[in-house]
Peer 1: 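Pasting in a structure now, in structure tokens, and then I'll have a few things to ask.
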Amino acid sequence: MSHQQNITDVLVVGATGSIGRGAVAAAQRHGLRPRALVRDVRRAERLLPGVDLVQGDVEDPASLHAAVQGVDAMVLAHGSGGDARPDARAHVDYGGVRNLLRVLDGARPRVALMTSIYATRSAVPGATPWKRRSERLLRAGGLPYTIVRPGWFDHAGPTQRRLVLEQGGTADGGVARDQIAETLVRSLLTSTALGKTFELTATEGEEATDWAELFDTLQTDRSGSVDGVPDPADLPVEAEPQPPRADLDAVRSLGGPGA
């Protein structure tokens with residue numbers, strides 16, 4: 001993975017959600033040109049006035065080609081939280097990442113993926129492995145990436161602004177939505193965030209000012225591994241169902257150098 005990449009045009013997936021809207025705003029503050037992938041253009045025009053909108057659906061790969069054309073980076077903040085379908089996490093949280101990787105056609109944008117603080121916590125009630133599987137796809141694809149696992153949205157007081165970045169899948173806590181969005185965009189612009197996966201919470205204290213130092217405290221994911229450092233080894237790839245294993249193989253074949 002190269003540590004040098006000029007970022008100008010950023011695709012935000014999940015752009016009309018609370019984190020996605022924050023990521024669009026953060027990208028604008030940092031002088032980037034956000035492009036929003038949206039299903040409902042009229043609704044998005046109200047929520048994101050003046051932003052470049054591209055209609056598409058992460059469940060429909062054919063609708064994604066135009067969205068990814070010419071982008072230098074992607075913020076993947078989509079999620080199935082409001083979808084009552086029993087298979088929504090498989091089709092949206094996981095399938096959305098798979099479908100976006102499939103349509104890149106050799107392009108290598110830098111990616112910031114938002115998953116969950118419980119991505120590797122199989123013992124948590126209601127947890128599923130789909131977000132963890134989406135992370136594995138991104139690592140297998142060989143793109144420059146950062147994976148952010150935020151804690152509970154807005155379960156942090158107004159004076160809890162000091163970000164805490166941890167690894168290993170044991171963290172718990174909350175963090176403000178605007179801080180999640182800012183972290184996603186900052187990770188695209190900071191070389192020390194490259195190739196890292198971490199849980200994100202906030203505690204009492206001041207805002208981060210040195211983002212390079214903040215990310216530099218983290219371990220980099222092991223080259224060639226589809227898991228984060230040091231994720232629990234309780235979901236071995238060889239024991240996975242055939243479809244996720246086939247998706248990993250397909251993404252590796254598309255990844256090119258570094259995959």
Side-chain angles (χ1 to χ4, degrees), residues 7 9-30 32-40 43-44 47-48 51-59 63-64 67-68 71-83 88-101 103-104 109-119 130-135 137-139 141 143-156 163 165 174-190 193 196-202:
I7 306 294
D9 294 279
V10 180
L11 176 67
V12 180
V13 180
T16 58
S18 60
I19 307 301
R21 294 197 304 273
V24 168
Q28 291 173 322
R29 285 196 304 272
H30 291 292
L32 307 177
R33 291 195 296 258
R35 177 187 302 171
L37 177 70
V38 300
R39 287 179 295 178
D40 185 336
R43 176 173 179 267
L47 295 173
L48 301 168
V51 175
D52 180 21
L53 306 177
V54 180
Q55 189 171 29
D57 188 328
V58 294
E59 294 189 62
S63 73
L64 301 175
V68 302
V71 298
D72 308 305
M74 299 192 299
V75 173
L76 308 186
H78 62 288
S80 59
D83 195 325
R89 292 182 182 179
H91 286 290
V92 179
D93 299 351
Y94 172 82
V97 174
R98 179 195 60 209
N99 293 339
L100 284 159
L101 294 176
V103 301
L104 287 175
R110 187 156 172 170
V111 181
L113 170 64
M114 180 184 77
T115 60
S116 166
I117 199 168
Y118 296 141
W130 291 110
K131 287 186 183 292
R132 185 174 184 178
R133 288 168 176 158
S134 74
E135 294 182 359
L137 285 180
L138 180 56
R139 296 188 193 98
L143 299 177
Y145 71 84
T146 305
I147 297 172
V148 181
R149 297 168 171 171
W152 292 90
F153 294 177
D154 288 338
H155 282 227
L163 292 176
L165 280 55
V175 61
R177 294 171 199 256
D178 69 295
Q179 290 187 296
I180 300 169
E182 181 73 9
T183 302
L184 288 165
V185 173
R186 288 277 190 173
S187 76
L188 298 175
L189 303 173
T190 310
K196 295 180 178 179
T197 301
F198 57 90
E199 292 84 46
L200 178 70
T201 58

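Hydrogens, waters and symmetry mates play no part in the numbers below; they use all other heavy atoms, side chains included.
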Peer 1: Looking only at non-hydrogen atoms, find the nearest pair between Ala176 and Ala156 and report the distance.
Peer 2: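 So the minimum-distance heavy-atom pair works out to N-CB, 4.4 Å.
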Peer 1: Decide yes or no for Gln55 and Ser63: does some side-chain heavy atom of the first lie under 4.5 Å from some side-chain heavy atom of the second?
Peer 2: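 A side-chain contact under 4.5 Å is absent here.
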Peer 1: With a 4.5 Å cut-off on side-chain heavy atoms, are Phe153 and Ile19 touching?
Peer 2: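 A side-chain contact under 4.5 Å exists here.
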Peer 1: Test your reading of the model: is there a side-chain donor-acceptor pair from Asp93 to the backbone of Trp130, 3.5 Å cut-off?
Peer 2: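 Not confirmed, Asp93 side chain does not pair with Trp130 backbone.
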Peer 1: OG1 of Thr183 to CE of Met114: how many Å apart, nearest 0.5 Å?
Peer 2: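 Thr183 OG1 to Met114 CE: 11.5 Å, rounded to 0.5 Å.
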Peer 1: Heavy atoms, side chains only, cut-off 4.5 Å: are Gln179 and Leu163 in contact?
Peer 2: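 Yes; the side chains approach each other to less than 4.5 Å.
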Peer 1: Going through the checks in order, is the side chain to side chain contact (heavy atoms under 4.5 Å, CB included) test met by Leu184 and Arg186?
Peer 2: CA-CA 6 Å; Leu184 288 165; Arg186 288 277 190 173; over 6 Å; no
Peer 1: Between Gly151 and Thr201, what is the shortest heavy-atom contact and its length?
Peer 2: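 Where Gly151 meets Thr201 most closely, the heavy atoms are CA-CG2, 4.5 Å.
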Peer 1: Could you go through Leu101 and Leu143, starting from their C-alpha distance and side-chain angles, then the distance that decides it, and tell me whether this counts as side chain to side chain contact (heavy atoms under 4.5 Å, CB included)?
Peer 2: CA-CA 9 Å; Leu101 294 176; Leu143 299 177; 3.6 Å; yes
Peer 1: Checking the side chain of Glu199 only, and the main-chain atoms of Ile117 only, is there a donor and an acceptor separated by less than 3.5 Å?
Peer 2: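 No; zero donor-acceptor contacts below 3.5 Å.
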Peer 1: Dump the intermediate steps for side chain to side chain contact (heavy atoms under 4.5 Å, CB included) on His78 and Val92, then the final yes or no.
Peer 2: CA-CA 8 Å; His78 62 288; Val92 179; 4.1 Å; yes
Peer 1: With the side chain counted from C-beta on, respond yes when Val148 and Thr115 share a heavy-atom pair under 4.5 Å apart, and no when they do not.
Peer 2: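 The answer is no, as the side chains (C-beta and beyond) never meet within the 4.5 Å cut-off.
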Peer 1: Looking only at side chains, do Arg149 and Ser116 share a donor and an acceptor under 3.5 Å apart?
Peer 2: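 No, Ser116 and Arg149 have no side-chain donor paired with an acceptor closer than 3.5 Å.
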Peer 1: Using a 3.5 Å distance criterion without hydrogens, assess whether the side chain of Arg21 forms a donor-acceptor pair with backbone atoms of Thr16.
Peer 2: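 It does hold such a pair.
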Peer 1: Main chain of Ser187, side chain of Arg110: is a donor-acceptor contact present, judged purely on distance under 3.5 Å?
Peer 2: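 Yes, because the side chain of Arg110 sits within donor-acceptor range (under 3.5 Å) of the backbone of Ser187.
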Peer 1: Of all the heavy-atom pairs spanning Ala36 and Leu48, show the shortest one and how long it is.
Peer 2: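 Scanning both residues completely, I find the closest heavy atoms to be CB-CD1, 3.9 Å.
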Peer 1: I need the minimum non-hydrogen distance between Arg39 and Gly56, along with the two atoms involved.
Peer 2: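 Looks like CG-O, 3.3 Å.
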Peer 1: Please report the interatomic distance OG(Ser18) to CD1(Ile180), rounded to the nearest 0.5 Å.
Peer 2: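 So the OG of Ser18 and the CD1 of Ile180 are separated by 7.5 Å.
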Peer 1: Which atoms form the tightest heavy-atom contact between Ala26 and Glu182, and what is the distance?
Peer 2: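 Of all heavy-atom pairs spanning Ala26 and Glu182, the closest is CB-OE1, 3.6 Å.
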Peer 1: Should Asn99 and Leu64 be marked as a side chain to side chain contact (heavy atoms under 4.5 Å, CB included) after you check the CA-CA gap, both sets of side-chain angles, and the distance that decides it?
Peer 2: CA-CA 8 Å; Asn99 293 339; Leu64 301 175; 3.8 Å; yes
Peer 1: Test side-chain hydrogen bond (donor to acceptor under 3.5 Å, both in side chains) on Thr197 and Arg139 and set out the steps.
Peer 2: CA-CA 10 Å; Thr197 301; Arg139 296 188 193 98; 3.1 Å; yes
Peer 1: Quick one: does any side-chain atom of Thr146 pair with a main-chain N or O of Ala193 as donor and acceptor, under 3.5 Å?
Peer 2: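 Judged by distance alone, yes, a pair lies under 3.5 Å.
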Peer 1: Looking only at heavy atoms, what is the nearest atom pair of Arg43 and Asp40, with distance?
Peer 2: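 Minimum heavy-atom contact is N-OD1, 3.1 Å.
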Peer 1: Can you spot which of Leu11, Val68, Leu76 makes a side chain to side chain contact (heavy atoms under 4.5 Å, CB included) with Leu37?
Peer 2: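 Considering Leu11, Val68, Leu76, a side chain to side chain contact (heavy atoms under 4.5 Å, CB included) with Leu37 is found only for Leu11.
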Peer 1: Mind checking the CG-CG spacing from Leu100 to Leu137? Nearest 0.5 Å is all I need.
Peer 2: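 It comes to 11.0 Å.
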Peer 1: I'd like to know if the side chain of Asp9 and the backbone of Asp72 have a donor-acceptor N/O pair within less than 3.5 Å.
Peer 2: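 No, Asp9 side chain to Asp72 backbone: no donor-acceptor pair under 3.5 Å.
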Peer 1: Answer whether the closest heavy-atom distance between the side chains of Arg35 and Val12 falls below 4.5 Å.
Peer 2: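 When only atoms from C-beta onward are counted, Val12 and Arg35 do not touch, as no gap falls below 4.5 Å.
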Peer 1: Within a strict 4.5 Å, meaning less than it, do heavy atoms of the Leu138 and Ile147 side chains meet?
Peer 2: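 Result yes, sub-4.5 Å side-chain heavy-atom pair found.
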Peer 1: So do the side chains of Pro144 and Val111 get within less than 4.5 Å of each other, counting heavy atoms only?
Peer 2: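 The answer is no; the side chains never approach within 4.5 Å.
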Peer 1: Is the shortest heavy-atom distance from the side chain of His30 to the side chain of Leu189 under 4.5 Å?
Peer 2: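 Yes, their side chains come closer than 4.5 Å.
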Peer 1: Any salt bridge linking Lys131 with Glu135? Criterion: basic side-chain nitrogen under 4.0 Å from a carboxylate oxygen.
Peer 2: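 No, this pair does not count.
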Peer 1: Let's go through Arg89 and Ser80 carefully: what are the C-alpha distance in whole Å and the side-chain angles of both, what is the deciding distance for side-chain hydrogen bond (donor to acceptor under 3.5 Å, both in side chains) to 0.1 Å, and is it a yes or a no?
Peer 2: CA-CA 6 Å; Arg89 292 182 182 179; Ser80 59; 4.6 Å; no
